[in-house]
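The chains referred to below are lettered A, B, ... by the order of the sequence lines, with proteins before strands, and numbering in each begins at 1. This one's a predicted model, so the numbers in the text were calculated from it and none came from an experiment.
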Protein chains: 2
Amino acid sequence: MREREHQTREPSLIEVAAEAGVSTATAGRALGGYGQVSPATAERVRAAAARLGYRPNGLARSLINGSTQAIAVVVTDVGNPFFAQALRGVVDKVRTAGYEVLLFNTDSNLDAERNAVRVLLEKRVDGAIIATGSPADTEHLDSLRDARLPFVLLDRPVPDRPDVDSVMIANAASARTAVRHLLSQGHRRIAVLTEAGRELPYVADRLSDCRTMRPSAARLAGYVLAMRSARLDIDPALVVHAPYQREIAARAMKKLLDADPSVTAVFATDNVLSIGAYQAIQASGRRFPDEISMVGFDDQEWTTVVRPQLTVVRQPSYELGARAAGLLLRRIANGPAWDRDADDRPDPEHVELPAQLIRRSSTAPVPVPSF
Amino acid sequence: MREREHQTREPSLIEVAAEAGVSTATAGRALGGYGQVSPATAERVRAAAARLGYRPNGLARSLINGSTQAIAVVVTDVGNPFFAQALRGVVDKVRTAGYEVLLFNTDSNLDAERNAVRVLLEKRVDGAIIATGSPADTEHLDSLRDARLPFVLLDRPVPDRPDVDSVMIANAASARTAVRHLLSQGHRRIAVLTEAGRELPYVADRLSDCRTMRPSAARLAGYVLAMRSARLDIDPALVVHAPYQREIAARAMKKLLDADPSVTAVFATDNVLSIGAYQAIQASGRRFPDEISMVGFDDQEWTTVVRPQLTVVRQPSYELGARAAGLLLRRIANGPAWDRDADDRPDPEHVELPAQLIRRSSTAPVPVPSF
């Protein structure tokens with residue numbers, strides 16, 4: 001076989017057409033797979049393209065047929081195992097339909113998110129999946145609607161955009177289940193470690209709106225609902241605030257455990273906070289689970305290697321991504337919910353995936369007081 | 001403010017030009033930021049574009065200036081925390097230079113990887129970072145060179161492509177350090193849990209080539225080197241093969257521990273295998289670390305929550321991604337190593353990042369035999 005010559009310039013479609021003896025338009029149709037070309041002609045063009053080493057240009061094709069066969073995924077932290085798993089769900093699902101994924105990471109920074117929206121529009125993706133870091137400040141999402149781009153909200157609802165499709169975890173309900181499990185074992189002084197700790201009054205006033213709250217607030221609402229169902233007052237001292245940083249979370253939880261021996265159970269509302277809470281309990285010197293119980297959130301691998309194994313709320317992260325992708329693919333095919341005549345407008349879809357309580361050995365009946 | 005009218009069609013560049021009273025070519029230059037336009041004209045065109053709600057088309061701009069401002073990242077499993085962290089490193093780094101990331105996940109499937117290479121070329125990305133799942137079968141990488149696309153190998157070397165830039169962990173050296181740590185504590189019967197277990201004869205014959213081996217093979221080479229330095233023969237029974245699946249890995253390790261009480265230490269060569277080995281030791285009934293020691297690979301969060309805390313080799317996953325991205329950006333700016341005149345060819349870069357042994361409490365001196 002002759003050694004491939006070093007290319008100094010790429011062959012153009014015009015040269016392919018000349019080599020095949022057809023018009024440039026015909027060559028474009030044959031290689032792009034659009035319009036009408038006879039099988040014999042298409043074969044001749046493909047052979048000519050192969051001889052010349054012609055590379056189809058996806059950009060030109062996208063300009064012609066109006067589709068880039070790519071979607072954008074905007075997440076706050078792809079290094080977080082929850083988003084890494086959700087992203088895999090998205091990638092696996094859209095690949096089956098021949099779509100690629102353009103990835104944006106925002107670190108929950110509003111400017112980064114606005115920039116992501118601007119760039120994904122410029123890149124002319126066919127749709128977007130967005131886990132917004134700032135559900136209260138979402139004017140930038142309007143530009144997606146102005147551009148009539150189908151998009152789906154992932155994991156984070158946006159209260160003032162009820163007509164945008166969303167795929168969420170049933171956050172309040174699953175948090176409620178977790179706390180009820182602790183209540184059923186006799187616990188009354190149940191602490192909650194949450195990133196929404198500072199919003200307790202706001203959350204407690206709006207318990208019926210918990211589907212529009214961001215995950216951490218909705219989970220705090222679930223805690224409040226469970227406690228109230230058991231006719232327990234909410235003690236603000238038991239609501240421990242921490243950002244999504246393991247060491248800070250561990251210190252905040254440890255401080256409460258040191259200060260208040262009446263606390264017999266802890267509910268942590270996300271995977272980072274769970275590892276922090278677990279560390280705090282280990283450092284507290286209390287016998288675990290005999291003297292203190294814990295339920296964590298997100299069934300990470302470590303939860304079955306620690307002793308005691310951690311009782312958790314299992315989020316279907318991979319499925320969350322896959323469902324969002326499936327919904328988006330349908331919208332790309334059929335048009336977004338808001339982009340129809342009033343009579344023929346499909347309802348927006350708000351998918352809530354259930355999370356499951358996995359009982360392990362970190363929860364035990366409340367210890368009998370020693371007096 | 002007047003409510004925005006529902007758009008039925010996007011305004012074209014022609015309309016923007018007419019609105020601004022300039023030629024289409026001038027309008028294109030003003031909005032695309034290429035060529036010469038006077039500041040006053042550019043401002044008039046931008047104002048016209050804003051009035052009409054014109055969206056710049058990144059595809060058209062990319063066709064004109066030959067850059068998509070996007071790179072491709074091809075990994076085997078974005079759900080694996082190692083790759084999730086490396087991916088964050090890439091995204092953070094390229095964002096600072098205004099590049100976006102097109103993500104491909106291959107599941108180590110060769111067809112999926114070939115397809116990713118084909119598609120990323122069609123999408124006309126400006127460069128690629130590839131963690132190949134099949135280092136022995138890489139003809140598809142030739143198409144990147146034919147297209148003169150800069151690319152960098154991440155984490156997995158390709159033996160027969162020494163002129164392609166690569167960013168790797170110092171796998172053999174760090175494995176050797178881990179095993180020497182166990183040897184220094186008096187251990188002699190040291191098991192290794194590895195995905196390259198079936199290649200022991202091959203690896204043992206090519207110890208000087210370990211920089212061109214895939215990570216699992218290079219780490220096995222490090223084990224062999226450390227054992228030989230201590231004048232110990234390699235017992236094939238101590239080399240336990242397992243795929244990157246936690247439960248299978250745990251069973252394989254448990255089987256050896258049950259069968260051979262002389263084993264006093266375990267070295268696991270990746271994060272999935274580490275969690276499996278840890279579980280196997282827990283299930284073995286041996287006192288840990290008094291009767292058996294372990295060193296794991298990859299400093300995942302769980303390793304400090306378990307008891308005993310796990311001694312590990314810490315891989316700089318985030319930095320690995322960031323360094324690969326930095327190298328790629330330089331190649332995009334200056335051209336790939338192979339694409340120069342012979343006199344002026346920059347050498348390919350092969351970056352090896354050191355991994356660090358973090359000593360915790362899962363390693364202890366070899367137990368005194370009880371006879």
task: Answer yes or no: is there an ion pair linking B:R95 with A:D107, defined by an N-O contact shorter than 4.0 Å?
output: no
- prompt: Do you know which of B:V305, B:V272, B:I275 has the most heavy-atom pairs with chain A at a distance under 4.5 angstrom?
  reply: B:V305
field: B:L103: which of A:L102, A:V73, A:V78, A:V91 passes side-chain contact (heavy atoms from CB on, under 4.5 Å)
entry: A:V91
field: Short N-O contact, A:E301 and B:R246, less than 4.0 angstrom
entry: yes
field: From CG (A:L87) to CG (B:N105), nearest 0.5 Å
entry: 8.0 Å
- request: Determine the option with the most heavy-atom pairs under 4.5 angstrom with chain A, choosing from B:N80, B:T304, B:V101, B:L121.
  value: B:V101
message: Given heavy-atom pairs under 4.5 angstrom as the criterion, report whether the side chain, backbone, both or neither of B:V119 touches chain A.
response: side chain
- prompt: Of the backbone (N, CA, C, O) and the side chain (C-beta and beyond), which part of A:D92 lies under 4.5 Å from a heavy atom of chain B, both, or neither?
  reply: side chain
- line: Given A:P81, A:G79, A:A86, the one with more heavy-atom pairs under 4.5 angstrom with chain B than any other is A:G79
- prompt: Roughly how far, to the nearest 0.5 Å, is the CH2 atom of A:W302 from the OG1 atom of B:T303?
  reply: 12.0 Å
- request: Considering only heavy atoms and a distance below 4.5 Å, find which of B:K123, B:E122, B:R88, B:Q300 pairs most often with chain A.
  value: B:R88
field: Structural part of B:F104 lying under 4.5 Å from a heavy atom of chain A
entry: side chain
- request: Considering only heavy atoms and a distance below 4.5 Å, find which of B:Q279, B:Q85, B:Q282 pairs most often with chain A.
  value: B:Q282
